[in-house]
Amino acid sequence: STSWQPRCEVVVHATVGTYCRTLGSGSERTSGCSTVRLDKGRVAERRIDLRSDAEGWLSESLPHELTHIVLADRFTERRIPAWADEGIAMLAESPDKLQRRLNELRGVVAAGRTLGLRQLVSLENGPTSESRAAFYGQSVTLAGLLLERGTPQQLIQFVEAGQLDGHDIALRDVYGVESWSTLESEWRSFAASQRLRKLP
């Protein structure tokens with residue numbers, strides 16, 4: 001097997017103060033952060049920062065951030081889209097954490113503040129502050145739905161094909177779904193259920 005170079009540096013901060021001094025303003029709202037630097041089609045830096053004073057940092061934040069690090073290896077030419085990066089990483093969290101995300105998403109759905117799925121997968125730089133709850137809840141449930149529909153390999157294939165050929169073609173070619181309205185209907189049913197918590 002080949003060695004993982006550079007190795008992933010994992011830094012555990014004892015307090016929110018040292019964590020924020022390292023990561024900057026706004027980081028106090030997070031419990032973990034992954035940093036990946038790409039250079040000429042290869043990963044040049046891997047790092048995870050964690051707050052040991054945050055609840056669930058070892059059982060929730062570490063698996064989430066490590067998933068980002070691993071996914072980056074597959075997307076060295078073009079960064080993985082934000083919805084897929086976050087959606088897949090959230091699937092590494094516990095069933096209880098996923099339940100909290102589902103509960104928050106249901107509030108967003110009830111308020112009519114969801115994003116269209118085609119809009120979600122087309123976002124270049126992640127959510128605005130106003131759409132954060134919708135973005136995270138929809139990203140993890142869309143990733144979950146696509147995993148339920150197919151295999152992990154198909155999910156990655158859909159993400160890569162979407163970058164190269166466009167998401168309309170990728171949706172049809174990878175999943176045999178002809179329209180976004182069909183996927184939206186399936187997604188609404190999935191998001192309203194408990195199936196996300198039961199994915200293997």
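In this structure the side chain of Tyr136 never reaches within 4.5 angstrom of the side chain of Leu105, judged on heavy atoms. Contact check for Gln99 versus Leu102: side-chain heavy atoms found under the 4.5 Å cut-off. Looking only at side-chain heavy atoms (C-beta outward), Thr128 and Ser131 come within less than 4.5 Å of each other. Between Leu115 and Leu123 there is a side-chain heavy-atom pair separated by less than 4.5 Å. With a 4.5 Å cut-off on side-chain heavy atoms, Trp187 and Leu146 do not count as touching. The closest side-chain heavy-atom distance from Val121 to Trp180 is below 4.5 Å. Using a 4.5 Å heavy-atom threshold, the side chains of His64 and Met90 count as touching. Val177 is not listed as a side-chain neighbour of Arg172, based on a closest heavy-atom distance of 4.5 Å or more.
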Side chain to side chain contact (heavy atoms under 4.5 Å, CB included) between Arg46 and Asp73, worked out:
CA-CA 10 Å; Arg46 299 178 175 94; Asp73 269 21; 2.8 Å; yes
Intermediate values then yes/no, salt bridge (Lys or Arg N to Asp or Glu O under 4.0 Å), Arg74 and Glu160
CA-CA 9 Å; Arg74 180 66 180 252; Glu160 292 176 329; 2.8 Å; yes
Please step through side chain to side chain contact (heavy atoms under 4.5 Å, CB included) for the pair Glu130 and Arg113, ending with a clear verdict.
CA-CA 9 Å; Glu130 298 80 29; Arg113 292 188 286 111; over 6 Å; no
Start with the C-alpha gap between His13 and Asp53, add the side-chain angles, then the distance that decides, and say whether side chain to side chain contact (heavy atoms under 4.5 Å, CB included) holds.
CA-CA 8 Å; His13 301 268; Asp53 65 329; over 6 Å; no
Does Arg118 form a side chain to side chain contact (heavy atoms under 4.5 Å, CB included) with His167? I'd like the steps, not just the answer.
CA-CA 8 Å; Arg118 194 173 189 282; His167 295 98; 5.6 Å; no
Just do the salt bridge (Lys or Arg N to Asp or Glu O under 4.0 Å) check on Asp49 and Arg47 with the steps written out, would you?
CA-CA 7 Å; Asp49 288 90; Arg47 176 179 168 128; 2.8 Å; yes
Would Ser31 and Glu60 count as a side-chain hydrogen bond (donor to acceptor under 3.5 Å, both in side chains) here? Give the steps.
CA-CA 9 Å; Ser31 56; Glu60 308 285 1; over 6 Å; no
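With Glu65 contributing its side chain and Ser34 its backbone, the two residues share a donor-acceptor pair below 3.5 Å. Side chain of Gln154 to backbone of Val174: a donor-acceptor contact under 3.5 angstrom is found. Without hydrogens or angle criteria, Gln153 side chain to Thr151 main chain gives no donor-acceptor distance under 3.5 Å. One N or O on the side chain of Glu184 and one on the backbone of Leu117 form a donor-acceptor pair closer than 3.5 Å. No donor-acceptor pair closer than 3.5 Å links the side chain of Ser189 to the backbone N or O of Glu186.
Taking hydrophobic clusters as Ile, Leu, Val, Met, Phe, Trp and Tyr residues chained together by side-chain heavy-atom distances below 4.5 Å, Phe158 shares a cluster with Leu147. In the hydrophobic cluster analysis, where Ile, Leu, Val, Met, Phe, Trp and Tyr join through side-chain heavy atoms closer than 4.5 angstrom, Leu142 is grouped apart from Ile169. Linking Ile, Leu, Val, Met, Phe, Trp and Tyr residues whenever their side-chain heavy atoms come within less than 4.5 Å places Phe190 and Leu98 in a single cluster. Both Leu199 and Val159 are part of a single hydrophobic cluster, where members link through side-chain heavy atoms under 4.5 Å apart. Both Leu58 and Val10 belong to a common hydrophobic cluster when Ile, Leu, Val, Met, Phe, Trp and Tyr are linked at side-chain heavy-atom distances under 4.5 angstrom.
Taking a 6.0 Å sphere around CG of Asp39, one finds it holds more than 12 heavy atoms contributed by other residues, nucleotides or ligands. Residue Glu55 places its CD atom among 12 or fewer non-hydrogen atoms of other residues, nucleotides or ligands, all under 6.0 Å distant. Around CZ of Arg132, the count of heavy atoms belonging to other residues, nucleotides or ligands within 6.0 Å does not exceed 12.
The OH atom of Tyr175 lies 8.5 Å from the CZ atom of Arg149; values are rounded to the nearest 0.5 Å. Rounding to the nearest 0.5 Å places CD of Glu45 at 9.5 Å from SG of Cys8. Rounded to the nearest 0.5 Å, atoms CD1 (Ile80) and CG (Leu71) are 4.5 Å apart. Between the OG atom of Ser193 and the CZ atom of Arg188 there is a distance of 13.5 Å, given to the nearest 0.5 Å. Interatomic distance, Ile88 CD1 to Ser139 OG, rounded to the nearest 0.5 Å: 10.0 Å. Rounding to the nearest 0.5 Å places OG of Ser122 at 8.0 Å from CG of Asp168.
Scanning both residues, Leu196 and Gly144, for their nearest heavy atoms gives CD1-CA, 4.2 Å. Nearest approach of Ile156 to Phe75, heavy atoms of both residues: CG2-CZ, 4.2 Å. In terms of heavy-atom proximity, Leu50 sits nearest to Ser61 at CD2-CB, 3.8 Å. The minimum heavy-atom distance between Ala92 and Thr67, with the atom names listed, is CB-OG1, 3.6 Å. Contact detail for Arg79 and Gln163: the closest heavy-atom pair is O-NE2, 2.8 Å. Closest non-hydrogen pair, Pro6 versus Arg42, comes out as CD-NH2, 4.1 Å.
Using modelled atom types, one finds a donor on one side chain and an acceptor on the other under 3.5 Å when comparing Tyr19 with Thr30. A side-chain N or O of Thr182 and one of Ser179 form a donor-acceptor pair less than 3.5 Å apart.
Ion pairing between Arg101 and Glu93 holds under the 4.0 Å rule for side-chain N and carboxylate O.
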